[in-house]
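A note on names: the letters A, B, ... follow the listed sequences, proteins ahead of strands, and every chain is numbered from 1.
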2 protein chains.
Amino acid sequence: MVRIVDVAAEAGVSPSTVSHVLSGKRPISEATRERVLEAVRRLNYVPNPAAQALRERSASAIGFYGSDISETFVARNIRGVERVARHAGYHLLFASGIEFDYDVGRALDFLHSRRLDGIILAFAFNETEPIPFPRGLDCPVVTINRAVPEGYHSVLPDNRRGGYEAGRHLLESGATRIGFIGGPPNRPASSERQLGLARALEEHGLALEERRVYLGDYSQGSGVIGLRRLLEADPGIDGVFCVNDFTAAGAINAATQLGRRVPEELKVLGYDDRDFAEFWPVPISTFSYPLEEMGQYSAELLLSLMRGDSLPELTHYIPSTLVRRRSTAS
Amino acid sequence: MVRIVDVAAEAGVSPSTVSHVLSGKRPISEATRERVLEAVRRLNYVPNPAAQALRERSASAIGFYGSDISETFVARNIRGVERVARHAGYHLLFASGIEFDYDVGRALDFLHSRRLDGIILAFAFNETEPIPFPRGLDCPVVTINRAVPEGYHSVLPDNRRGGYEAGRHLLESGATRIGFIGGPPNRPASSERQLGLARALEEHGLALEERRVYLGDYSQGSGVIGLRRLLEADPGIDGVFCVNDFTAAGAINAATQLGRRVPEELKVLGYDDRDFAEFWPVPISTFSYPLEEMGQYSAELLLSLMRGDSLPELTHYIPSTLVRRRSTAS
DNA sequence: CTATAATATGCAATCGATTTGACGACTTGT
DNA sequence: ACAAGTCGTCAAATCGATTGCATATTATAG
């Protein structure tokens with residue numbers, strides 16, 4: 001491998017001159033400059049990043065942990081993160097949860113041991129178990145889709161507001177007897193959306209009645225079962241907010257099978273804007289996350305923390321936007 | 001940051017002893033060993049990876065390029081790669097195509113400049129433009145989903161065989177007038193599957209008639225249009241092989257709208273086993289790629305190349321497996 | 001009780017790029 | 001023509017871990 005001394009020899013100068021030419025940290029005469037650059041090109045020289053990192057006490061690297069990279073949520077986050085990071089001259093070290101047996105702790109230990117300049121943790125599901133940060137972890141950390149009580153910064157989707165807007169939209173589209181098919185109660189994503197929905201209904205003088213709530217497991221199957229239960233409990237239901245698009249798809253399937261026309265007799269609203277929502281037999285109205293922007297924003301946050309800025313807010317909420325499709329058309 | 005000399009001082013030994021304890025490359029008496037380990041724990045020492053990389057002339061890192069990380073194909077590849085890589089003591093440096101404006105060349109330049117021990121390139125779509133490998137790139141390279149004429153190793157899905165098995169399956173399920181809705185002709189994934197399908201039909205004394213072939217763009221919309229065209233050209237069509245699940249979903253939608261019952265009157269077969277295929281109103285029969293295994297396999301390939309093994313075969317085909325669902329039930 | 005082997009530990013050079021202080025070669029003003 | 005000042009370049013120290021060689025220590029044999 002060609003070293004800086006080789007380039008120096010080729011150009012007939014000292015290594016420090018080569019370094020100065022490349023970094024521009026000292027003025028170099030145009031003639032030597034040209035000669036050095038020519039030598040660099042001829043020898044195809046690339047500085048050894050390990051030597052640079054050692055000398056500069058910084059790997060110019062950001063660690064990215066994703067609880068599951070094959071989840072769209074995480075995969076699209078990373079795109080935003082990468083854009084910002086690379087622009088700022090940092091590269092991405094990758095560690096997914098899967099390979100650590102879903103163990104954030106071990107992934108963090110690993111990232112810590114790599115002496116990174118910053119770490120971003122992205123979670124596909126907003127669980128609530130605490131994150132075991134390694135002791136001695138001294139670099140800035142930003143989390144995506146998980147609130148961290150320990151005082152780290154986090155970027156979160158505004159689920160409460162999403163639920164609220166879901167309620168408003170269903171009301172505006174003419175529904176009055178509105179139900180909710182959610183996920184497990186310990187999942188903030190689900191419970192927050194439910195709370196938002198309830199508030200929207202209350203503002204309209206309505207209540208989110210308990211018999212109109214079914215809590216499943218985010219799956220398509222729980223949409224099927226959930227819709228059946230809801231109709232049993234109240235056959236007059238005319239609008240359902242589902243915690244995600246899988247559930248909404250199941251609900252639409254079930255409604256169609258039971259002879260209820262969507263959206264004429266029943267409005268169904270999903271969440272997440274999965275790829276299939278757009279062309280489901282009844283195209284599904286849903287909420288789209290600005291996933292790349294969330295990644296981007298968290299990387300910008302991390303960069304300011306790395307620069308030493310202290311930011312007042314610890315949690316940063318990002319709104320989702322409603323995507324109107326046929327399943328809630330008036 | 002605590003250095004090896006700090007640990008040495010704390011334990012009352014020399015740095016080299018600490019190094020030997022940690023690496024186990026030389027025998028150390030149990031007593032000193034304990035003392036050193038205790039010091040390491042007390043000071044929370046982690047070796048500086050840059051210094052190690054510099055000294056050992058290896059970053060213990062593998063570069064991963066994904067043409068688009070938010071594509072399931074690539075995202076699941078990376079999981080397999082990571083599993084194998086980390087087990088062998090390597091970590092993953094990540095570069096996605098998106099952030100280089102889809103430019104493989106610049107991503108490769110970047111990965112090259114990081115002095116990696118090996119590089120894996122995963123492509124979401126099997127295009128045919130040549131890959132601009134940087135000159136002086138001296139580390140092993142393995143590509144996924146892209147044949148590379150330049151003599152690099154590649155791991156590819158066996159599309160020809162998939163198409164062949166698609167044909168066999170449609171025939172077995174009772175169809176005889178079989179059509180194909182594909183992607184653009186320059187895409188090997190599409191054309192190979194078509195060739196495989198044609199061969200299966202020929203073996204049965206049938207031909208893949210040109211009027212029964214529609215080439216679209218992989219989208220759901222081209223499934224809708226494609227199916228209409230095919231039915232116009234030959235109303236008696238009773239089986240359609242679609243190049244992917246989006247197209248198959250569109251074809252099923254269109255068939256349902258035109259009053260053709262799937263699968264009773266028309267069998268529809270997809271490819272890729274996307275998440276929605278399982279619970280589409282008519283669950284879609286499809287082919288599932290062993291995506292993680294492909295990642296795993298390519299990483300294993302890369303590791304042997306890094307060890308200096310020379311492998312006879314350059315292209316390694318991985319079969320997909322048929323997933324039988326309702327859309328092709330007899 | 002010395003000689004020899006075996007074992008454990010330390011010293012110092014090394015990996016490759018960066019940077020500080022120093023120095024030589026010019027230019028400019030008086 | 002000389003002092004003062006620029007400008008460009010270089011030599012050498014530095015970052016932190018590893019390792020070949022040397023040495024100190026202990027065990028074993030003669």
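Of all nucleotides listed (dT19(C), dA17(C), dT9(D)), dT9(D) comes nearest to the side chain of T32(A). You'll find that the side chain of S19(A) is closest to dT18(C), out of dA17(C), dT18(D), dT18(C).
The phosphate of dG16(D) has neither OP1 nor OP2 within less than 4.0 Å of any side-chain N or O from Q52(B). Between Y45(B) and the phosphate of dG16(D), there is no side-chain N or O to OP1/OP2 separation shorter than 4.0 Å. Distances shown here put every side-chain N or O of K25(A) at or beyond 4.0 Å from the OP1 or OP2 atom of dT18(C).
When the C1' atom of dC15(C) is taken as reference, atom CD1 of I4(A) falls 14 Å away, rounded to whole Å. Put simply, CG on L22(A) is 7 Å from P on dT18(C), counting in whole angstrom units. For H20(A) and dG8(D), the NE2 to P distance is 12 Å, given to the nearest whole Å. In this structure, the CZ atom of R115(B) is 14 Å from the P atom of dC15(C), given to the nearest Å. Distance, M1(A) CE to dA17(C) C1': 15 Å, rounded to whole Å. One interatomic measurement links the two molecules: CD of E34(B) to P of dA8(C), which rounds to 15 Å at whole-angstrom precision. Between N48(A) atom CG and dC15(C) atom P there is a gap of 12 Å when expressed in whole angstrom units. Between R55(B) atom CZ and dA17(D) atom P the separation is 13 Å, expressed in whole Å.
The aromatic rings of Y297(B) and H316(B) sit perpendicular, their planes meeting at an angle over 60°, well past the 30° parallel limit.
Expressed to the nearest 0.5 Å, how far CD of E292(B) lies from CZ of R76(B) amounts to 6.0 Å.
Using a 4.0 Å heavy-atom criterion, one finds that V13(A) contacts the sugar-phosphate atoms exclusively. Nucleic acid contact class of S16(B) (heavy atoms, under 4.0 Å, all strands): base. Residue-level contact check: R3(A) touches the backbone only, with heavy atoms under 4.0 Å from sugar-phosphate atoms and none from bases. Residue I28(B) is in sugar-phosphate contact alone, with no base atom involved, counting any heavy-atom pair closer than 4.0 Å across all strands shown.
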_Verdict with supporting geometry, R146(A) and I131(A), side-chain contact (heavy atoms from CB on, under 4.5 Å)_ = CA-CA 10 Å; R146(A) 172 91 127 240; I131(A) 301 171; 4.2 Å; yes
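For the pair R33(B) and L54(B), both in contact range of DNA chain C, the more 5′-proximal nearest nucleotide belongs to R33(B).
S29(A) contributes no side-chain N or O that forms a donor-acceptor pair with the base of dC7(D) under 3.5 Å.
Look at R79(B) and E82(B) and you find no salt bridge, because none of the NZ, NE, NH1 or NH2 atoms lies under 4.0 Å from a carboxylate O. Taking a cutoff of 4.0 Å between a charged side-chain nitrogen and a carboxylate oxygen, R3(A) and D6(A) qualify as a salt bridge.
Within the 4.5 Å cutoff, the side chain of F110(A) has heavy atoms near those of the R86(B) side chain. At a threshold of 4.5 Å between non-hydrogen side-chain atoms, the residues T72(B) and D275(B) do not count as touching.
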Collect all protein-nucleotide pairs involving nucleotides 22-24 of chain D in which both atoms are nitrogen or oxygen and the distance is under 3.5 Å.
none

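Atom CZ of R33(B) sits in a sparse spot, with 12 or fewer heavy atoms from other residues, nucleotides or ligands closer than 6.0 Å.
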